[in-house]
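Lettering of chains follows the sequences in order, A, B, ..., and the numbering in each one begins at 1.
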Amino acid sequence: MNLVKRIYNWVDIRVGTGELVEKELTGYLLPVNINVWFSMGSILLFIFAMQVVTGMLLLVYYVPDADKAFKSVSFIMNDVPFGWLVRMCHAVGSNMMVLMLLFHMLSVLFMGSYKSPREMNWLSGFILFNLAMGISLTGYLLPWSQLSFWATTVATNSVGSVPVVGPYLVEFLRGGKLVGPPTLGRFFALHVAVIPALIAALIGAHLFFLQRTGVSTPPFGLMDTTNRWQNDRYRYESHPGGIPFFPHYALQDLTSIAVYCALFLGVAFFDPYIFFPSTAFIPANPFQTPAHIKPEWYFLPNYQTLKLFPSEFLGIAVQVAAMTFLALLPFIDRGKEKHPLKRPLFMVCAVGGIIIYIALMVWGHYS
Amino acid sequence: METGSRRKFLGICLGGVLAGAGGGLLYTIFGYLAPRRDSNIRRAVSFPATDVPAGAAKFFEYNGKTAVLIRQKNGTVVALSAVCTHLGCIVQWQKDKEEFLCPCHGGRFSSTGLVLGGPPPKPLESIPIATANGTITVG
């Protein structure tokens, strides 16, 4: 018996590796009609890991001090070997993470995978989406540029429209009346410790729910596309005669990750400044708001909505209502049908919602 | 029965102690994170009157916020909060038009802080000033 096999046997006897591999990998069967959209979750796991690694590398040189933050980022970009690559991967990766999260949510929506018994999968995923937006917002301030400073000013100011406690909430969030050094300290702590820990915990919960309920059957290529789950007791949705996760679907996951990497590195190498307007290269000046300050592309619909409503409170209330509706969708849409073409009301709402979201984004960009 | 009621009583006591400890912990965390009080103290700020020539504006920090001092063309000196009442951006002084413009969403204010156009819901906050012996004291 060679050494590797002996080590394997030693571990196997103690933790039951073989049984675990059989249960969770080679014997873990997926629906026969599974498609490429099911690999979005794996891509997102890969992105999160990349963000953690590049974030740790940035922490080596980044200084979370209002007087030094911009200089430290400039130092990373210009003087540290491959610092530009690490920073670009982190900045581009954060945008890609939001983009992929949107694709993941859309695939779940259109394939009806949020329906019973997967309400908790949807809710944990929805919270993860909001945490991703939060980690992007808090990370945006850290370079302490004009863009970061004023985008954060506008974003935090929106909280002020909450009745009664709004002004205090803004001050609490900023650590002062205006965005300043205390805000940087708070956002840094949120960005590198609090939100990543919450995201890791929520990813764990999301995967646990997935493991307990089983992968949902996509509604394509089947005669019966209704949700056959019965609301009487816990049932694991197994797929007898299905495709093994390993090596079959794991290979699809790897292929999808490779395609994502091509896209990601294409942006990072050939058009890295696509997400950086000129104000991102000017140090923050609390006395001068630059003209035409805009938030990141994924906050543009929120920004434009705020501009559309005469009252800021109304603008926020509409967004809160839309997000609450989305969060509670599995409890509102109780229909059995999963095929998008057999759900006309859903299709009208979903396509209409996407068109409005994109229109607000484009409008916000050019307004 | 007696054992049961004793257990219940002890359970309630334990719950109370845990709730108290939890409340204490939350209060401590809140106190740690709450904005520092000393940054909110109003302190008067003084400038030589020559710092603000006619038609010009001077931006400075007052009461933890950005403020602006302007001398109108008729010689009147006015101090206002420079924080736009819409979303908190800092307004810019348009010397030729004698009005403020918010670069974020195009809000316009008069030299006395009144809303002239755009989304701001309220005028700019006015700050009291006093002029004596060639010195302008704000606040």
Side-chain angles (χ1 to χ4, degrees), chain A residues 146-147 149-161 166-183 185-187 189-190 194 279 284-295 299 302-316 364 367, chain B residues 26-27 29-43 45 51 56-70 80-94 100-109 115 117-122 124-125 127 139:
Chain A
Q146 275 288 71
L147 176 73
F149 188 92
W150 292 105
T152 306
T153 295
V154 173
T156 49
N157 212 69
S158 305
V159 184
S161 61
Y168 184 73
L169 277 180
V170 175
E171 208 176 318
F172 188 82
L173 203 61
R174 292 175 175 171
K177 291 190 174 174
L178 294 178
V179 171
T183 323
R186 279 155 197 259
F187 276 39
L190 284 170
V194 181
T279 43
N285 179 354
F287 289 123
Q288 194 177 26
T289 307
H292 313 300
I293 195 84
K294 295 276 165 69
F299 282 122
N302 312 68
Y303 163 85
Q304 189 59 27
T305 309
L306 273 181
K307 283 172 76 177
L308 283 177
F309 285 91
S311 139
E312 197 188 331
F313 173 71
L314 208 59
I316 295 278
S367 66
Chain B
L26 281 178
Y27 180 77
I29 293 171
F30 178 78
Y32 180 81
L33 292 173
R36 286 165 62 93
R37 292 277 171 224
D38 58 359
S39 64
N40 298 339
I41 295 169
R42 284 174 187 269
R43 288 196 187 97
V45 187
D51 271 14
K58 182 179 179 60
F59 289 82
F60 59 99
E61 195 179 326
Y62 171 73
N63 188 24
K65 290 183 176 180
T66 306
V68 60
L69 197 63
I70 53 158
L80 300 163
S81 162
V83 182
C84 178
T85 53
H86 179 222
L87 285 176
C89 297
I90 301 301
V91 294
Q92 290 173 355
W93 175 241
Q94 312 283 101
F100 291 102
L101 172 73
C102 178
C104 284
H105 301 104
R108 287 167 54 233
F109 300 89
V115 179
K122 295 186 291 193
L124 294 174
E125 191 189 330
I127 305 168

Colleague: Where the side chain of Gln92(B) meets the backbone of Thr289(A), is there a donor-acceptor pair that is under 3.5 Å apart?
Modeller: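 Answer holds: yes.
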Colleague: How close do Pro103(B) and Pro290(A) get, heavy atom to heavy atom, and via which atoms?
Modeller: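 Taking Pro103(B) first and Pro290(A) second, the nearest heavy atoms are CB-O, 3.6 Å.
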Colleague: Determine the minimum heavy-atom distance between Cys89(B) and Thr153(A), stating which atoms define it.
Modeller: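 Where Cys89(B) meets Thr153(A) most closely, the heavy atoms are N-CG2, 4.4 Å.
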Colleague: When you compare the side chain of Pro286(A) with that of Ile90(B), does any pair of heavy atoms fall below 4.5 Å?
Modeller: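 The answer is no, as the side chains (C-beta and beyond) never meet within the 4.5 Å cut-off.
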Colleague: Could you measure the distance from the CG atom of Leu87(B) to the CG atom of Leu306(A)? Nearest 0.5 Å is fine.
Modeller: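 The CG atom of Leu306(A) is 6.0 Å from CG of Leu87(B), to the nearest 0.5 Å.
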Colleague: What are the two closest non-hydrogen atoms of Gly176(A) and Pro35(B), and how far apart are they?
Modeller: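 In this case the closest contact between Gly176(A) and Pro35(B) is N-CB, 4.1 Å.
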Colleague: Determine the interplanar angle of the Phe172(A) and Phe30(B) rings, folded into 0 to 90°, and report it as parallel if under 30°, tilted if 30 to 60°, perpendicular if over 60°.
Modeller: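 The rings of Phe172(A) and Phe30(B) lie parallel, inter-plane angle below 30°.
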Colleague: Quick one: of Cys104(B), Cys102(B), Cys84(B), Ala82(B), who has the most non-hydrogen atom pairs under 4.5 Å with chain A?
Modeller: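 Greatest number of close heavy-atom pairs with chain A: Cys104(B).
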Colleague: Please classify the contact between Val68(B) and chain A as side chain, backbone, both or neither, with a heavy-atom cut-off of under 4.5 Å.
Modeller: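 Neither; nothing under 4.5 Å.
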Colleague: Which pair of non-hydrogen atoms, one from Asn157(A) and one from His86(B), has the smallest distance, and what is that distance?
Modeller: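 So the two residues come closest at ND2-O, 3.5 Å.
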Colleague: Checking Lys65(B) now: which residues fulfil salt bridge (charged side-chain N to carboxylate O under 4.0 Å, His left out) with it, not counting sequence neighbours?
Modeller: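 None.
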Colleague: Between atom NZ of Lys58(B) and atom CZ of Phe287(A), what is the distance when rounded to the nearest 0.5 Å?
Modeller: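 Output value for this atom pair is 9.0 Å.
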